[in-house]
Amino acid sequence: MTWLNFDLFKFEGQMFQDSLNHRVRDAYLAAHSVLEQTHNEATEKLYFGFTEDVDGDQRALTAEVIGYEEIHWLEQREALAAMAIALLASLNKSFLDAQKRMLDKRHPSNKSYKSEHLFRQIEEYDDRFKIDLTTVEGFATVREIELARHCCLHNQGSPTKHYETQTAQRLLDTNGIINLTPEQLDSIIRELSQFGKSLTARMSQVWKNTSQDSTAGTNVAT
């Protein structure tokens with residue numbers, strides 16, 4: 001009897017939220033913590049040798065090495081951010097694809113959608129389910145992650161024109177490069193989780209409406 005009220009859409013939505021937290025957040029925070037500790041220990045040693053009795057040349061060399069260490073730490077954070085963003089984008093796509101598959105029989109795809117990536121999803125959801133993805137709460141974050149992923153993988157982290165014009169540009173660091181802090185990641189995951197909840201509610205309603213129409217048609221025929 002329990003399975004009669006089981007909502008597979010909401011179940012997939014919960015799996016999506018779990019993946020955001022366990023596959024992305026936990027892994028990112030663990031890696032960030034290790035890299036940050038290594039950076040702090042390295043700079044502490046350098047500053048320890050940065051004493052007043054050191055001659056000018058040695059002080060200049062130490063200052064230069066400290067600068068290199070800071071650049072290295074920044075590059076590590078940018079690389080870690082790129083990996084996290086790429087995984088977030090992948091999970092978003094998998095979630096959107098999974099939601100569609102559950103309505104393949106009731107709302108089959110009757111044509112080929114030629115747009116790219118997220119734009120194809122927008123077109124297909126509107127065509128098959130009459131759902132405007134751009135109005136679903138949290139979609140702006142989905143779009144920013146997708147465009148940020150493209151920046152990281154194809155533009156060395158520099159923002160593209162699409163990222164600059166279609167997002168709030170929240171992921172740019174002080175150097176104008178796509179980056180991510182632990183606090184930003186937590187905020188993004190909350191927003192993506194809300195997107196998942198909002199979309200599953202709409203998709204579940206589409207399924208229910210289709211079921212009711214099918215039942216009504218059967219009763220009329222009878």
Side-chain angles (χ1 to χ4, degrees), residues 12-13 15-36 38-39 68-101 109 112-126 133-134 136-196 199:
E12 287 286 349
M15 293 294 290
F16 173 58
Q17 293 178 51
D18 290 344
S19 292
L20 291 173
N21 282 285
H22 300 312
R23 293 182 60 188
V24 183
R25 183 180 185 275
D26 290 353
Y28 171 89
L29 291 179
H32 188 280
S33 177
V34 171
L35 292 173
E36 185 175 35
T38 301
H39 165 70
Y68 285 143
E69 177 59 36
E70 290 299 329
I71 293 173
H72 182 58
W73 169 225
L74 174 62
E75 291 174 340
Q76 287 181 321
R77 297 201 309 274
E78 290 173 351
L80 185 58
M83 289 185 282
I85 289 169
L87 185 51
L88 286 172
S90 176
L91 289 176
N92 289 341
K93 181 181 183 304
S94 295
F95 169 66
L96 288 167
D97 288 343
Q99 291 287 300
K100 290 186 300 186
R101 281 195 299 271
S109 175
S112 175
Y113 301 96
K114 298 180 180 180
S115 302
E116 295 184 0
H117 306 301
L118 190 56
F119 300 102
R120 181 168 59 246
Q121 299 279 16
I122 294 172
E123 182 184 2
E124 186 172 359
Y125 267 82
D126 183 56
L133 283 180
T134 64
V136 179
E137 185 177 359
F139 178 78
T141 304
V142 175
R143 189 195 329 250
E144 183 155 11
I145 289 298
E146 176 63 23
L147 294 175
R149 181 201 70 85
H150 184 84
C151 296
C152 292
L153 299 184
H154 304 291
N155 208 40
Q156 297 183 321
S158 295
T160 62
K161 183 178 180 180
H162 288 308
Y163 182 83
E164 292 177 336
T165 58
Q166 297 182 33
T167 76
Q169 302 184 58
R170 295 183 299 166
L171 302 181
L172 295 180
D173 62 18
T174 55
N175 295 312
I177 300 297
I178 299 293
N179 210 330
L180 192 64
T181 66
E183 294 75 21
Q184 283 178 313
L185 180 61
D186 281 344
S187 178
I188 286 169
I189 286 179
R190 284 194 298 270
E191 292 163 14
L192 292 179
S193 295
Q194 183 56 54
F195 172 78
L199 182 59

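Residue indices begin at 1 and follow the sequence shown.
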Measure the shortest side-chain to side-chain distance between Asn179 and Leu171 over non-hydrogen atoms and say whether it is less than 4.5 angstrom.
no
Applying side chain to side chain contact (heavy atoms under 4.5 Å, CB included) to Phe95 and Leu199, what does each step give before you reach the verdict?
CA-CA 10 Å; Phe95 169 66; Leu199 182 59; 3.8 Å; yes
Test side chain to side chain contact (heavy atoms under 4.5 Å, CB included) on Ile85 and Ile188; report intermediate values, then the result.
CA-CA 10 Å; Ile85 289 169; Ile188 286 169; over 6 Å; no
When every non-hydrogen atom of Pro159 is compared with those of Gly176, the smallest separation belongs to CD-O, 3.2 Å
So which atom in Asn92 and which in Phe16 form the shortest heavy-atom distance, rounded to 0.1 Å?
OD1-CZ, 3.3 Å
Side chains of Ser193 and Ile189 in contact at under 4.5 Å (non-hydrogen atoms):
yes
Please determine, by modelled atom types, if Lys100 and Gln121 share a side-chain donor-acceptor pair under 3.5 angstrom.
yes
Is there side-chain contact between Leu80 and Leu180, with at least one heavy-atom pair below 4.5 Å?
no
Working to the nearest 0.5 angstrom, can you tell me the gap between Gln156 CD and Glu78 CD?
10.5 Å
Short question: side chain of Asn175, backbone of Ile177 - any donor-acceptor pair under 3.5 Å?
no
No-hydrogen, no-angle side-chain donor-acceptor test under 3.5 Å, His150 and Glu146
no
Between Ala86 and Arg149, which heavy-atom pair has the shortest distance, and what is it?
CA-CG, 3.9 Å
Test your reading of the model: is there a side-chain donor-acceptor pair from Ser33 to the backbone of Leu29, 3.5 Å cut-off?
no
Among Glu191, Glu183, Gln184, which residue meets the side-chain hydrogen bond (donor to acceptor under 3.5 Å, both in side chains) test with Ser187?
Glu191
More than 12 heavy atoms of other groups within 6.0 Å of Glu36 CD:
yes
Are the side chain of Tyr113 and the backbone N or O of Phe119 linked by a donor-acceptor pair below 3.5 Å?
no
Please check this pair: side chain of Glu144 against backbone of Phe139, looking for a donor-acceptor N/O pair closer than 3.5 Å.
no
With the side chain counted from C-beta on, respond yes when Glu70 and His39 share a heavy-atom pair under 4.5 Å apart, and no when they do not.
yes
Rounded at 0.5 Å granularity, tell me how far CZ in Arg120 sits from CG in Leu96.
11.5 Å
Between CE of Met15 and OG of Ser94, what distance do you get to the nearest 0.5 Å?
11.5 Å
Are any side-chain N or O atoms of Gln194 and backbone N or O atoms of Gly138, one a donor and one an acceptor, separated by less than 3.5 Å?
no
Interatomic distance, His32 atom NE2 to Arg25 atom CZ [nearest 0.5 angstrom]
12.5 Å
Output, in order, the C-alpha distance, side-chain angles, deciding distance and verdict of side chain to side chain donor-acceptor pair (under 3.5 Å) for Lys161 and Gln166.
CA-CA 8 Å; Lys161 183 178 180 180; Gln166 297 182 33; over 6 Å; no
Whether Tyr163 side chain and Ile178 backbone form a donor-acceptor pair below 3.5 Å:
no
Here the gap from Ser90 atom OG to Ile145 atom CD1, rounded to the nearest 0.5 Å, amounts to 12.5 Å
Walk me through it: do Arg101 and Asp97 pass the test salt bridge (Lys or Arg N to Asp or Glu O under 4.0 Å)?
CA-CA 6 Å; Arg101 281 195 299 271; Asp97 288 343; 5.1 Å; no
Output the distance between atom OG1 (Thr141) and atom CZ (Phe195), rounded to the nearest 0.5 Å.
9.5 Å
Please tell me if the side chains of Asp126 and Leu133 come closer than 4.5 Å, counting only heavy atoms from C-beta onward.
no
Checking side chain to side chain contact (heavy atoms under 4.5 Å, CB included) for the pair Thr181/Asp173: CA distance, chi angles, key distance, verdict?
CA-CA 9 Å; Thr181 66; Asp173 62 18; over 6 Å; no
Just do the side chain to side chain contact (heavy atoms under 4.5 Å, CB included) check on Leu74 and Arg77 with the steps written out, would you?
CA-CA 5 Å; Leu74 174 62; Arg77 297 201 309 274; 3.5 Å; yes
Which heavy atom of Leu147 sits nearest a heavy atom of His162, and at what distance?
CD1-O, 3.7 Å
